[in-house]
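Structure, as structure tokens:
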Amino acid sequence: METRNGSIIEETIALLAGSGSAECDYLPDHEQLQPSIEKLKAIVELLRALLFPGYFGEPIQRQQSLPHILGVRTEKLYMLLSEQIRSVQQFNHENNHTSTSEENAEAVAEQFIGMLPEIRRKLCTDVKAIFDGDPAAKNYGEIIFCYPSIRAMINYRAAHTLLSLGVPLLPRIISEMSHSETGIDIHPGAHIGEYFCIDHGTGVVIGETCIIGNHVRLYQGVTLGAKKFTLDNDGNPAKNVPRHPIIEDNVVIYSNANVLGRITIGKNSIIGGNVWQTKSLPPNSRVLQQKAVESSFTDGGGI
């Protein structure tokens with residue numbers, strides 16, 4: 001029995017070590033930096049502490065200390081982010097000539113840090129949108145501390161900015177972190193305007209090529225997804241093809257609605273719960289689920 005088990009184990013090791021699937025094989029170059037999930041978690045925590053100091057990170061005892069503390073946090077973010085950007089350039093298949101130098105990574109990290117005030121401004125509009133639209137929200141602090149949508153939007157707005165700067169892989173990892181934490185799945189490629197509100201949030205899905213305007217509100221379980229895929233010459237779904245909805249300003253989409261395909265939902269429209277929407281809507285539309293049809297069977301009649 002020992003010999004038999006040993007042979008099975010040895011055979012398994014040989015199969016795992018072999019090249020069974022070239023697409024999944026990866027032998028890291030030990031001279032090349034590798035992305036670190038733990039360091040990316042630290043980056044996200046630093047971002048939260050920079051964007052909402054006093055809410056996240058170590059307590060700040062005095063207002064006068066805030067510039068110094070933010071400086072320390074920014075320096076840590078710069079060092080960690082520069083390293084992680086450098087580590088993922090090998091995954092940039094769209095631009096094989098992108099520089100992997102330390103100077104290039106540091107320049108991108110510096111650009112990103114320079115965009116933090118704008119990220120914070122947009123996040124503050126998201127907080128206000130939730131407060132104005134949710135009677136259960138008692139104050140802004142409750143929203144920043146507790147609401148999963150703000151946690152998801154911090155990750156999304158940071159990830160989207162990194163993606164806009166041409167950083168591969170990291171944006172997707174950062175967005176999937178909040179997906180795991182909150183149940184809200186926002187692809188970093190989506191474009192989301194200001195005053196964006198996700199109420200409750202569990203099960204919300206926003207696809208890569210979505211375009212969402214200002215003052216849009218989604219409820220739990222909403223999917224902004226694709227209806228069908230354009231196929232390439234090999235019969236596989238084509239990349240970088242617009243396939244998700246355009247949601248214009250002041251639209252409300254209630255729970256478990258599915259809005260699918262490259263359609264446009266006109267401004268000031270309302271889509272009710274459990275609706276399956278695959279056609280564009282003009283502005284000021286109202287789409288509700290059809291009323292249930294009540295019926296009964298008597299003595300087998302109608303069967």
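Excluded from the calculations below are hydrogen atoms, water molecules and symmetry mates; all remaining heavy atoms, backbone and side chain alike, are included.
- The environment of Q63 atom CD is sparse: at most 12 non-hydrogen atoms of other residues, nucleotides or ligands sit within 6.0 angstrom.
- Ring orientation note: the planes of Y219 and Y254 are close to parallel, at an angle under 30° on the 30°/60° scale.
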Determine whether E38 and K41 satisfy the following criterion, salt bridge (Lys or Arg N to Asp or Glu O under 4.0 Å), listing intermediate values before the conclusion. CA-CA 5 Å; E38 292 305 314; K41 289 179 180 178; 3.7 Å; yes
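- Within the model, atoms CG of L46 and CZ of R73 stand 8.0 Å from one another, a figure rounded to the nearest 0.5 Å.
- The CZ atom of R262 lies 14.5 Å from the NZ atom of K228; values are rounded to the nearest 0.5 Å.
- Across all their heavy atoms, N258 and T223 have their closest contact at OD1-CB, 3.4 Å.
- The pair R243-E208 meets the salt-bridge criterion, since a charged nitrogen lies less than 4.0 angstrom from a carboxylate oxygen.
- Here the closest heavy-atom approach between residue V127 and residue I143 is recorded as O-CD1, 3.7 Å.
- Taking every heavy atom of both residues into account, P53 and I60 meet most closely at CB-CD1, 3.9 Å.
- Placement of V205 and I263 in two distinct hydrophobic clusters is found when ILVMFWY residues are connected by side-chain heavy-atom separations under 4.5 Å, directly or transitively.
- Distance check, rounded to the nearest 0.5 Å: CG of D185 to NE2 of H179 gives 4.0 Å.
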Test side-chain contact (heavy atoms from CB on, under 4.5 Å) on L224 and L218; report intermediate values, then the result. CA-CA 10 Å; L224 304 180; L218 309 180; 4.1 Å; yes
Give the intermediate values and the outcome of side-chain contact (heavy atoms from CB on, under 4.5 Å) for residues S175 and I186. CA-CA 7 Å; S175 64; I186 308 176; 5.9 Å; no
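- Expressed to the nearest 0.5 Å, how far CD1 of I130 lies from CD1 of I144 amounts to 9.5 Å.
- The only option from K122, R120, E118, M115 that meets the side chain to side chain contact (heavy atoms under 4.5 Å, CB included) definition with R157 turns out to be K122.
- With values rounded to the nearest 0.5 angstrom, Q84 atom CD is found 10.0 Å from Q34 atom CD.
- The two atoms that bring A152 and T182 nearest to each other are CB-OG1, 4.0 Å, heavy atoms only.
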Under the side-chain contact (heavy atoms from CB on, under 4.5 Å) criterion, do V241 and T209 qualify, and how do the steps go? CA-CA 8 Å; V241 175; T209 61; over 6 Å; no
Stepwise side-chain contact (heavy atoms from CB on, under 4.5 Å) test for L77 and L116: CA-CA 11 Å; L77 175 64; L116 288 180; 4.0 Å; yes
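- The pair R48-E45 counts as a salt bridge, with a side-chain nitrogen and a carboxylate oxygen less than 4.0 angstrom apart.
- Using a 4.0 Å cut-off between charged nitrogen and carboxylate oxygen, K76 and E58 do not count as a salt-bridge pair.
- Using modelled atom types and a 3.5 Å distance limit, the side chains of Y147 and D134 yield a donor-acceptor pair.
- Nearest heavy atoms, I192 versus Y156: N-OH, 3.2 Å.
- Atom CD1 of I198 and atom CD of Q220 lie 11.0 Å apart (nearest 0.5 Å).
- Ring orientation note: the planes of H160 and H191 are nearly perpendicular, at an angle over 60° on the 30°/60° scale.
- Nearest heavy atom pair, residue C197 against residue A129, reads CB-CB, 4.2 Å.
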